[in-house]
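These notes concern the structure reproduced below.
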Amino acid sequence: MNSILTHSIVDATWLSRPSPTVAPDLLGCTLVRQMPDGEQIRGLIVETEAYAAGDPACHAYRRRTPRNTVMFGPGGNSYVYLIYGIYHCLNVVTDVDGEPSAVLIRALQLENIPSWIAAESPSHSIPKGSNQKQPSPPQIVLNLPIAPSKPLKQILRLAAGPGKLCQVMKIDRNLSGLPFQPDQPLWLEHRSSEVQAAIDQQALEFVQTTRIGLTQGVEIPWRWYIANCPAVSRF
DNA sequence: ATGAAGATCGCG
DNA sequence: GCGATCTTCATC
């Protein structure tokens with residue numbers, strides 16, 4: 001159905017702008033995870049946060065270290081770190097070489113359900129050949145291409161949070177420092193014309209707030225999310 | 001060497 | 001609200 005649609009790829013130049021500019025621009029773009037076995041997991045970016053030099057919450061605030069060194073490089077690479085010994089978080093490195101900054105991807109609305117989730121919880125799987133009735137769609141434009149047997153609410157929250165989205169997309173530190181491009185495990189695609197139209201018509205609106213989970217830089221309003229989107233981590 | 005804190009999450 | 005769980009980094 002959409003096989004003829006072209007998905008334009010987000011390139012490093014586009015990402016080489018200040019993170020507070022890139023963060024809202026990434027809303028409505030798609031993150032693609034290419035698995036080694038060929039499976040693709042796709043998710044619409046619905047929540048982001050910016051981190052930058054001079055920002056006390058930024059991992060690169062104090063000095064260059066082995067962990068944060070990729071943030072000091074040019075825009076367009078991934079920065080993945082482990083938090084609380086349990087979860088991983090995915091960032092898109094932004095701005096020009098020498099300006100340490102990144103955008104944290106905080107939530108996705110999945111466009112498809114990873115097969116490994118269906119395998120682990122059979123209630124997510126769709127019986128072959130079945131033509132289930134679609135639950136009523138969420139308040140925003142996006143429609144899932146499958147008919148989930150679980151409550152749609154649960155499906156929509158599978159990637160509602162930076163740790164959860166890395167779990168769902170099988171992202172860990174092995175994927176840190178890689179360029180976002182189609183020959184890699186991760187890349188980004190620009191907004192589809194449908195999503196862009198919804199934004200232009202204000203059917204999709206953005207909310208800007210302070211960032212989540214910080215003890216420093218709490219007052220800096222560098223979090224953005226799509227209003228009324230059920231896949232956002234917190235409203 | 002050592003320890004404190006951390007861009008989280010799910011449960012109660 | 002709390003604990004899980006372990007890396008990172010600053011300081012000793």
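In what follows, chains carry the letters A, B, and so on, assigned in the order in which the sequence lines appear, proteins first and then strands, with residues in each chain numbered from 1.
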| Neighbours of DNA chain C within residues 66-77 of chain A, by heavy-atom distance under 4.0 Å |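 When residues 66-77 of chain A is checked for heavy atoms under 4.0 Å from DNA chain C, the hits, listed by number, are A:Pro66, A:Arg67.
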
Nearest-angstrom distance from the residue atom [atom1] of [X] to [atom2] of [N]:
X        : N      : atom1 : atom2 : answer
A:Leu104 : B:dG6  : CG    : P     : 16 Å
A:Glu47  : B:dT8  : CD    : C1'   : 12 Å
A:Tyr87  : B:dG6  : OH    : C1'   : 14 Å
A:Ile105 : B:dT8  : CD1   : P     : 14 Å
A:Ile86  : B:dG10 : CD1   : P     : 11 Å
A:Lys164 : B:dA7  : NZ    : C1'   : 17 Å
A:His88  : C:dC6  : NE2   : P     : 11 Å
A:Ile83  : C:dC9  : CD1   : P     : 12 Å

| said: Determine whether A:Glu111 and A:Thr30 satisfy the following criterion, side-chain hydrogen bond (donor to acceptor under 3.5 Å, both in side chains), listing intermediate values before the conclusion. | reply: CA-CA 9 Å; A:Glu111 297 178 9; A:Thr30 296; 3.0 Å; yes

Taking only side-chain N and O atoms of [X], does any of them lie within less than 4.0 angstrom of OP1 or OP2 on [N]?
X        : N      : answer
A:Arg173 : C:dT8  : yes
A:Ser233 : B:dT8  : no
A:Thr65  : C:dT8  : no
A:Arg63  : C:dA10 : yes
A:Arg62  : C:dT8  : no

| said: Students often get this wrong, so: under 4.0 angstrom with heavy atoms, is A:Gly163 touching a base, only sugar-phosphate, or nothing? | reply: sugar-phosphate

| message | My understanding is that only residues two or more places apart in sequence, or in another chain, count here; which of them pass salt bridge (charged side-chain N to carboxylate O under 4.0 Å, His left out) with A:Arg17? | response | A:Asp25

| message | Assess, by modelled atom type and distance only, whether the side chains of A:Ser8 and A:Glu189 contain a donor and an acceptor separated by less than 3.5 Å. | response | no

| Side-chain donor-acceptor contact under 3.5 Å, A:Ser78 with A:Ser176 |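 No - no donor-acceptor pair under 3.5 Å links their side chains.
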
| field | Partner nucleotide, any strand, of B:dA7 [Watson-Crick/G-U, under 3.5 Å] | value |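 None - no nucleotide pairs with B:dA7, as no candidate has both distances under 3.5 Å.
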
| So which nucleotide does C:dT5 pair with, by the Watson-Crick or G-U wobble rule with both distances under 3.5 Å? |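 For C:dT5, the partner nucleotide comes out as none, under the 3.5 Å rule.
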
| Salt bridge check: are A:Asp200 and A:Arg191 linked by an N-O gap of less than 4.0 Å? | no

| Can the positive tip of A:Arg234 be found less than 6.0 Å from the middle of the six-membered ring of A:Tyr225, inside 45° of the ring normal? | no

| request: Between B:dT2 and C:dT5, how far apart are the P atoms? Round to whole Å, please. | output: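 One P to the other, the span is 23 Å.
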
| query | So which nucleotide from B:dT8, B:dA7, B:dG6 ends up closest to the side chain of A:Thr215? | reply | B:dG6

| query | With side chains defined as the heavy atoms from C-beta onward, is the minimum distance between A:Pro20 and A:Trp224 less than 4.5 Å? | reply |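 Side chain of A:Pro20 against side chain of A:Trp224, heavy atoms only: contact under 4.5 Å found.
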
| Side chain A:Tyr84 and base B:dA5 donor-acceptor under 3.5 Å | no

| task | Would you please indicate yes or no on a ring centroid separation below 6.0 angstrom for A:Tyr81 and A:His59? | result |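 Under 6.0 Å, so yes.
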
